[in-house]
Structure formats: C-alpha cells, structure tokens
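Not measured: the values here are computed from a predicted model. Numbered from 1 within each chain, the chains take letters A, B, ... in sequence-line order.
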Amino acid sequence: MPNQVPECTDAPAVPPAAEWFLPRDSLQALIECLQEDGYTVIGPVVDQEAITYQVISSVDDLPRGWTEEQSAGRYRLVRRDDEALFGYTVGPHSWKAFLFPPQVTVARADRSSDGRWEMTTPEETVPRHAFLGVRACELAAIAVQDRVFLEGPWVDPVYQARRREVFIVAVHCTQAASTCFCTSMGTGPECRTGFDLALTELEDGFVIQGGSDAGHEILERLDVAVAAPSQSAAAGSARRQAERQIRRHLDTNGLRDLLLNSLDDSQWDAVAGRCLSCTNCTMVCPTCFCSTVTDVPDLSGDHVKRERSWDSCFNVDFSRMSGGVIRNDVRSRYRQWLTHKLASWHDQFGQSGCVGCGRCITWCPPGIDLTEEVAAIRSHQEPIP
Amino acid sequence: MTSSVSDDPVAVGRKKLAVFKFASCDGCQLSLLSCEDELPALAEQIDISFFLEASSRIGTGPWDIALVEGSITTPEDEQRIRSVRRQAATVVTIGACATAGGIQSLRNWADHDEFLRCVYARPEFISTLASSTAVADHIPVDYELRGCPVDRYQLLSVLRDLIRGRTVRLPRHSVCLDCKRRGTVCVEVAQGIPCLGPVTHTGCGALCPAFNRGCYGCFGPSAQANTGSLIRTLAEGGLPEARRVALFRSFNAAAPEFRIDERAARSDIGSSGTGRGELS
C-alpha cells in the first residue's frame, strides 16, 4: 500500500524514522526498484528553460548541476557550481497535473440507430506513478487536494484512482527561493508526513528515511547502511539551511477574519489595476482545483464526449450563471481568489488553501505578490498606532 | 446520413448557408475548406447556397446563416454588409479582419490619401474609406469568431451548434490558461520573451508559446483584457516603446483594447521598477 492518505492535515506526523544512507551511485537503483514494481517514475527535468516534472527513465534525466533564481514575475535557470540533482526549489509545474489531469473525458454518450442514448464512463488504464522529488510544500498541497477530492461528501473518481496508485519519494529542501514562505504556512521546509521515502541530498549521497510500509519495503531492497551520526548531522544542517534562507513572510494571525472583514478595502482596486486576470496564478497553484465540464458533440450530434478541463476563477465566464456573470471585473475576481485561498477555504475545508510554495508570485507576469497584498490590507485595517 | 429522429432539427429541413468576403486574404474561408474530412458530412446537414471561394453556384437569400470574412474598407462594403444583415437570420463574423479590422487597419494610423498617391497611378479611380473597421461597427453581429485565421474546429463546432439549434459557446479566456493546460512553461516569466498571451483571446490552443515564441495576439483581446498592466510589465522588463507598440500593431491592431497609441506613450510607464529581468 503506498503512502497513507492523511485523514486530515493535522494528523500526527509519521514518527521520526531511522535514517539510512544511500550512496549517490545507488539512486539509479531506487529508480529501477520503482520501475520493477510497475511505476512510471515522474521527476524533475530541465525543459523549456525551467525545471518541470516529467517521466524520467534514469538519473541522467535529472537536473544535475542546475538551480533557478526566482522573484516576483521572474524565473531563470542558473548553473550550480556542484553536481546536485535536487539543488532547486519548485518550478512551474506541480504534481497536481498527474492526479487532477488538465483535461480528461469523464463520460460519453452515443445515440444508436433506433434513437436511444447510451451513457458510458470511459474505461481507462490508471497510470501508476512514482513521484520523485516532492517538496514539503508539495506534500502539503497533495494533502489539501486529498481533503478536497477525497474527504468530502463527493469523492472525485478520477483523482481517487490516480491517488491510490502513487508512490511518493520526497526530497527535503536544502535551499529556498526568494518566493518561498512555507514557514509562514507551517508546511515546510522539512518533510514530515505524507511520503513513502524522503531524501536529503548530501555531496556523496542521500540520507534517506522511510515514511510508510511501502517505503520501508523498497529500502530493504536498496544498498543502504544506517546513516552515520555525521551524515545525519550534515542532513539536518542542510535542511536548516533552507529554513534560514526563507525571507518572505505571510502573517496568518487572524487572517481569515481580516480578509472577510476587508471586502471593501481599497487594495482590491489597486491590485485590479495590475492583475491581468490571465489565470496563471491559479494554474500553477498546486491546490487550486477548479474545472469546467463541457459536452463536445461530433458533427452528427450522435456521439458526445463530456470533457473536464482545468478552469479558473480568473476566467470571466467561470462565474456565469443563469442571471449572467457574477464576478464581472478583475477586482472581484482577484478578491474571490485571495479570500477563498486564505479565508473561506478554512470554512470549506478546515485549513488554508495556501501552502507557501510561492508559485503564484513567480509566475504572475506583473509579479503580484499575495504576501504584499495581505500586508497592505492588514496595514489598512490594523493601522499601527 | 444522420439519424432520422423526429425532433432532430436537421431532419426538419436543411438550413441555408452563405459565405461572404470583404477586405481579407481569404484565409478564414480556406480554413472552412480545409475541413476536408468533415465537409461531406457538413454538406449533408446544411445547404451551402452561396460560397464563391468553393463553388460557382450563386444562390439567393434569405439565408439562415451568413459567415462574413473581411473588414469594411470601402463605401460599397458599407452598403453590402447591410444587405447581408437584412438577408441573414444569423450573422457570424470570422477572423481578425471581420472582428477587429485586420492587419489592413494599420491604415487607421496613417495618411490614407498619401497611400493612394504613392500606390496608385490614378488614385482618382480608387474609392476607399480612410479606415478599416470591424463588421460589428456597422451592423449587429450574432457571433464573432476570432483569429488570424479562425480555428477551423471552432468554426465547425459553431456551425454544428447553429444547425442543431444548440447554444453557441465561445470561450473568451486568455491564452495563458491554454498554455497551462498543455504544460507549456510561461515564456515571458522563464525567458523574458515578450508575450501577448495574458491579454489574448483563446482559440489557437496556445500554439506559439509551445514553440518557444511569445503570443502574437492573433485572436485579439481576451475578455476584459488589462492591456495597460501588460504594457507596464513589458516596459518594466526593458522592452522599448517602439517594440511595445509593434507588438500590438498586427492583425488586431484596431481592436479597442489593443489600440495602444495613447497608452504606450504614457510617462508613468516604467516608473515603478521592480527589479525584474530584461525582456529580449
């Protein structure tokens, strides 16, 4: 059984597992173990001038010696001065795309010659994915989507089928981007729960921890030794380095009430002047889960596919109802996104919808920074005496 | 053949289609002709009454559906488009020329008389308007299909819906959403390539960024496009004003949100530098 789907996000963390050491040369053996078990391994690769998540066949596909610089509205791949395989933070893709596919056919309807309609759910081969390189904020994001798609009254079968098959190899961050603020959201940078295996990269190998029975079973097949105290200490030090590097901060104190009591704040007008309503923030967000469902008939009208696609609250027509469009300007759409993500998400799902990965800051072309927007609203509502 | 269910609108009687051309390159009409696999089925379901690009048959109105390609550039066009409207129950404009004035709307920023003198030996024989304008500036239009050229599958799906009396659904979000759906990394954020995607209407499937190019804006402005913010972003990224203007001065130059002549010159642009990177 792959990693346990957490019951809720405040479930107790997996107890600190014994730490093992995996020599650098043996990472390939881990990938091969997963492949032998029938997993398609998804990992970081350099593609399109960024580090994205794609199918990998070996360690040679990993972004050896690459990192990135990130700031509001800007991302650049940069060479490292070492051979680190996981020496980056988070990129434009998230694991969401593999669990909640951007486009999927959820039903078909076919009319037979006697005029009768037959509705069918397409049979699909559910991919069996092993995720290699999942960061702490991304584990938290998967837990948020588990809550949304699996733990409410309506279970999403597309997500559920994929989620059940996933094996997660987490990688602890050993550095932070300028856009990271996981420490504010309590999601990182250390991976605490929700993984089968977790790696900390050192110069000559990896300190590796098991987080599930499936993870421990893989560990038994690998050439690992109990980590020496010096190796554990080095890994701990590397993890603390990531935490020390985090500069961005989101003050979550009373945040839900602050935002819901600020619906007429002038900051919404200010941000509407900059917001392109282009949907980029929601698309790169690892927790945003909105979609649209469209019936697509063929020319004869006798064969119809019902397709579900990623959609966004920044799309004008996303709020179209029988009476028209509800959120008919950028101001109301930005406000909807931010208040849902940071405030009403608590009411709906008992937690924040933000994990502090910073993607929405980096991938916003004008560089709108939600931590700055919240700080501005807070300064209006809670003036410093 | 299609099924013969009694409530099938297709079975009741084929609708009549006409295709008209105004100032344009014919590329959008060719998009329809390029639907080679689907054309036989389409021709069974609709009576193609008037389509000079495809057939010498010259049917007469009234028509159920008129597809209109091209912009309005002559006094004669102004009269003819009204005649089309009077004879067609549903008017669908197709392509950037018909929906925004097309590339030929660049004349709107130039001296029309000077063009005539330079190009034609006998300009007195030429009867044109000083501007190139969208069809909707002259008559009420039921549906506008954007793009240079239109997306043939969208055109087919709209015809399919009109034939069957189904509600026509025309998405109007930005190209960015389509980039993300197909896994394309943002070329502007990751590489500093100027891209009109954030303010450009969906329809092409986010083609150019998938080939490492910025969006050229072929489908015109997306709904409620915040062009001013994108221009400031491009300016802060170091793109010179002439390049910013050139970005918008193409197939949809005359679309209201893309007319940037006044905005581009604004002095406040670039004043709030964020230390963002260079735009190449």
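Contact of B:Ser229 with chain A is made through backbone and side chain together, with heavy-atom distances under 4.5 Å. Using a 4.5 Å cut-off between heavy atoms, A:Arg320 touches chain B through its side chain atoms alone. At a 4.5 Å heavy-atom cutoff, B:Arg182 makes no contact with chain A through either its backbone or its side chain. The contact between A:Asn328 and chain B is made by backbone and side chain atoms together, counting heavy-atom distances below 4.5 Å. Contact of B:Thr184 with chain A is made through backbone and side chain together, with heavy-atom distances under 4.5 Å. Proximity to chain B (any heavy atom under 4.5 Å) is shown, for A:Asp295, by both the backbone and the side chain. Heavy-atom distances place no part of B:Leu159 under 4.5 Å from chain A, backbone and side chain included.
No other option in B:Ser174, B:Ala190, B:Ser222 has as many heavy-atom pairs under 4.5 Å with chain A as B:Ala190. Between chain B and the options A:Ala272, A:Ala50, A:Gly273, heavy-atom pairs under 4.5 Å are most frequent for A:Gly273. When A:Pro101, A:Pro297, A:Gly301, A:Cys275 are compared by the number of non-hydrogen pairs under 4.5 Å with chain B, A:Pro297 comes out ahead. Ranked by heavy-atom pairs under 4.5 Å with chain A, the list B:Ala223, B:Gly183, B:Gly197, B:Cys195 is led by B:Gly183. The most heavy-atom pairs under 4.5 Å with chain B, out of A:Asn280, A:Asp47, A:Thr294, come from A:Asn280.
With hydrogens and angles left out, the side-chain atoms of A:Tyr334 and A:Gln267 include no donor and acceptor closer than 3.5 Å. Residues A:Ser332 and A:Asp329 have side chains that bring a donor and an acceptor to within less than 3.5 angstrom of each other. A donor-acceptor contact under 3.5 angstrom links the side chains of B:Gln224 and A:Arg333, judged on distance only. Between B:Ser49 and B:Trp63, the side chains place a donor N or O and an acceptor N or O closer than 3.5 Å (distance only, hydrogens not considered). No side-chain donor from either of B:Asn226 and B:Glu257 sits under 3.5 Å from a side-chain acceptor of the other.
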Q) Between A:Ser57 and A:Asp61, is a side chain to side chain donor-acceptor pair (under 3.5 Å) present by the stated rule, with each step listed? A) CA-CA 7 Å; A:Ser57 56; A:Asp61 294 332; 3.1 Å; yes
Q: Begin with the C-alpha distance, continue with both residues' side-chain angles, and end with the deciding distance and a verdict on side chain to side chain contact (heavy atoms under 4.5 Å, CB included) for B:Gln45 and A:Leu299.
A: CA-CA 9 Å; B:Gln45 297 185 28; A:Leu299 203 55; 4.3 Å; yes
Q: Kindly indicate, with the supporting measurements, whether the criterion side chain to side chain contact (heavy atoms under 4.5 Å, CB included) is fulfilled by B:Leu17 and B:Asp47.
A: CA-CA 6 Å; B:Leu17 173 73; B:Asp47 174 15; over 6 Å; no
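Using a 4.5 Å heavy-atom threshold, the side chains of B:Leu247 and B:Pro194 count as touching. Under the 4.5 Å side-chain criterion, counting only non-hydrogen atoms from C-beta, A:Ile56 is not in contact with A:Ile42.
Figure legend: cation-pi geometry between A:Arg80 and A:Trp66 absent, as NZ or CZ is not positioned both under 6.0 Å from the six-membered ring centre and within 45° of its axis.
Checked by atom type and distance alone, the side chain of B:Arg152 pairs as donor or acceptor with a backbone atom of B:Ser34 at under 3.5 Å. Using a distance-only test at 3.5 Å, with no hydrogens or angles considered, no donor-acceptor pair links the side chain of A:Gln70 to the main chain of A:Tyr75.
Residues of residues 89-100 of chain A lying under 4.5 angstrom from chain B, judged on non-hydrogen atoms, are A:Pro92, A:His93 in numerical order. For residues 307-316 of chain A, a heavy-atom distance under 4.5 Å to chain B picks out A:Ser309, A:Trp310, A:Asp311, A:Asn315, A:Val316, given by residue number.
Under the side chain to side chain contact (heavy atoms under 4.5 Å, CB included) rule, B:His201 has a single partner from B:Glu144, B:Arg146, B:His173, which is B:Arg146.
Within a 6.0 Å sphere centred on CZ of B:Arg166, heavy atoms belonging to other residues, nucleotides or ligands number more than 12.
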